[in-house]
Amino acid sequence: MQRFGQRNSVRLRQTRDFNRVYRNGDRLYGKGFTLIYLGGEQKDSCFTGSRLGISVPKKVGNAVQRNRIKRIIREAFRLHREVFPQGSDIVFAVRPGFPLTGLQAVRDAVASMTGAEGAE
RNA sequence: CAGGGCGGACGCAUGGUCGCUCCGGCGUUAAGCCGGUGAGGAAAGUCCGAACACCGCAGGGCACGGUGGUUCCUAACGGGAACUCCGGGUAACCGGAGGAAAGUGCCACAGAAAAGACACCGCCGAUGGAACGACGCAGUUGUUCACAGGUAAGGUUGAAAUGGUGAGGUAAGAGCUCACCGCCUUUAUGGCGACAUAAAGGGCAGGGUAAACCCCACCGGGUGCAAAACCAAAUAGGGAAACGUUUGAGGGCGGCUCGUCCGAUGUUUCCGGGUAGGUUGCACGAGGUGCCGGGCAACCGGCAUCCCAGUUAAAUGAUCAUGGCCUGCUUUGGCAGGAACAGAAUUCGGCUUAUAGUCUGCCCUGUUUU
RNA sequence: CGGAACGUGGCGCAGUUUGGUAGCGCACUUGACUGGGGGUCAAGGGGUCGGAGGUUCAAAUCCUCUCGUUCCGA
């Protein structure tokens, strides 16, 4: 069985990391969310893999609904990393009216946005 | 059996696989491995009260804010318990609570009047007065007037009208007098107290509103774990020492070693404050469970036993299987669907609000049977 | 974590302090002026005052709880 470890080092935690991605990153607009990513040569981290940050505004729902969205997105990133941009800092910005409730729905939505690079 | 009142408990379970936080162990470090651990009754709202930390502070008063039957519980509270009075309910039970006799304000419309009844329409006009008569010496008496005066019975209103009902009394009336009820005062008894009961007396003053100002009693210093403490980059600035100071470090203009201008603002080292960042604060506590004892109860005491989340762009998840619950279809089997409100953020004690459904204790009322 | 403001016809706002009639502008409807539109004039309709409970004779207004929106400080 293949292991998909995901420690905290693959997540964006610092405010300056978020700001750098927001300022210099490329954006992909999906239904109910936006994907912002910054390529490998621009990020100053020595870490080679991708890092993920999730942003869920308060308008989406109460704390239970926001936590559930974050957990689903994090699980999708862990199990289906091939559909996300490679070697980048990624911010998954959720918008009000986020329609995706299941793990597979998130994976398909991201795969259709990023195109053939991760669709296999 | 039906309806109702007051509570209490639970709020999916078990297992496999892949993951996450923290703790312990192994590993020189790292990568990692093994074991353990991980949301609630409201974690929510942030409406009160405290602990803790920093700042302020001689003492007292004012102002401001809060609380409001009594006694008790508690670290404290606007919380809780028991009791008192009032109101609601057949009842179990539920809800409310200082002062309107210190002062001020307000009470629209309607109504005579909305609070000091010298007021208005009325009623009376006994007594006094006037006019006209009767008998007539004085004077007595009748009628009328409604002048002085008496009165607050009645007056369509209004949410609310100055004790109520009945009788006596009167010119008409009036607690003017009486009976009952209400109210007030005093005394006695019971109770820690709120208050209750009884007796005697007063003839009745004192409309409502304090979630209007206010008065009385009690309480309250401010800010909050992003508090606060410790470690501590980069940049700028501060202090000290050394070097340098018209024998000129350094800088401006200029293409330039020259010229000209400014001129100790300079360099090095050290120190202190302190930002980003990190660590502590930070989970053994007014703690949980059980038993015993005290108390009507809230609660308190003793003994035994347990350790029970600790994140910081913020972990507690995903998926599969089995079982239980509910709903629909179905002859059983079975199939399909559903499972609420809601997520720790320094920590406790309360309050309030949200909540699919399940189980359960005590009590009240009605009906039936015995 | 702490604090503040707002919610009133379809829209934007007064009225809340000091409780008794809910008003203004735009919009809407009808009619007149015009051959018609626009415009003007006249008349009219439309509001559980965010929700629930309470105080009061009476609540948009006072008190308590609650919902939503917006903003501020660390």
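Per chain, numbering begins at 1; letters A, B, ... match sequence-line order. These values consider heavy atoms only, across backbone and side chains, with no hydrogens, waters or symmetry-generated copies.
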Would you measure the distance from the C1' atom in B:G323 across to the matching atom in B:U46 and give it in whole Å? 43 Å
Under 3.5 Å on both distances, the Watson-Crick or G-U partner of B:A110: none
Pick one for B:C85: is it syn, with its angle within 90° of 0, or anti? anti
How are the rings of A:F84 and A:F92 set to each other: parallel, tilted or perpendicular (split at 30° and 60°)? tilted
Pairwise C1' distance for B:U157 and B:U84, with rounding to whole Å: 41 Å
Nearest-0.5 Å distance, CZ of residue A:F33 to OG of residue A:S55: 13.5 Å
Assign each of A:Q65 and A:F18 to its nearest nucleotide of RNA chain B by heavy atoms, then name whichever residue's nucleotide is nearer the 5' end. A:F18
Using whole Å, what does the distance between atom P of nucleotide B:C320 and atom CD of A:Q104 come to? 11 Å
Rounding to a whole Å, what distance do you find between A:I72:CD1 and B:U319:C1'? 12 Å
Rounded interatomic separation in angstrom, taking CD from A:E75 and P from B:U17: 16 Å
What's the CD1-C1' distance between A:I69 and B:G343, to the nearest Å? 14 Å
Rounded to the Å, how far apart are A:Y22 OH and B:A313 C1'? 9 Å
Closest heavy-atom pair and its distance - A:L52, A:R74: CD2-CA, 4.4 Å
Distance between the C1' atoms of C:A22 and C:A59, in whole angstroms? 13 Å
A:A63 side chain, from C-beta outward: closest of B:A342, B:A344, B:G317: B:A344
A:R27 to A:Y29, cation-pi by 6.0 Å centre distance and 45° axis angle: no
Looking only at atom C1', what distance separates B:U347 and B:C225, rounded to whole Å? 10 Å
Between A:R74 and B:C18, does any side-chain N or O lie under 4.0 Å from OP1 or OP2? no
Please work out whether B:G95 sits syn or anti, treating a glycosidic angle within 90° of 0 as syn. anti
Once you round it to whole Å, what is the distance between P of B:A342 and CZ of A:R68? 16 Å
Assigned glycosidic conformation for B:A240 [threshold 90° from 0]: anti
Using a distance-only criterion (donor-acceptor N/O pair, under 3.5 Å, no hydrogens), is the base of B:C18 paired with the side chain of A:R78? yes
What is the glycosidic conformation of B:A356: syn, defined as within 90° of 0, or anti? anti
Can you tell me how far P in B:A44 sits from the matching atom in B:U14, rounded to whole Å? 26 Å
Considering only atom C1', compute the distance from B:C83 to B:A297 and round it to an integer number of Å. 11 Å
Working for side-chain contact (heavy atoms from CB on, under 4.5 Å), residues A:K70 and A:E75: CA-CA 9 Å; A:K70 282 195 279 190; A:E75 194 72 9; over 6 Å; no
B:G221 and B:G89, which share atom name P, separated by this distance in whole Å: 47 Å
Below the 4.0 Å mark, does C:U70 have OP1 or OP2 next to a side-chain nitrogen or oxygen of A:K59? yes
Could you give the distance separating B:C306 and B:G361 at their C1' atoms, to the nearest angstrom? 30 Å
May I have the distance from A:K70 (atom NZ) to B:G343 (atom C1'), rounded to whole angstrom? 11 Å
Go through A:V21 and A:Y37 one step at a time and tell me if the side-chain contact (heavy atoms from CB on, under 4.5 Å) criterion holds. CA-CA 6 Å; A:V21 175; A:Y37 64 99; over 6 Å; no
Without decimals, in angstroms, what is the distance between A:F77 CZ and B:G317 C1'? 16 Å
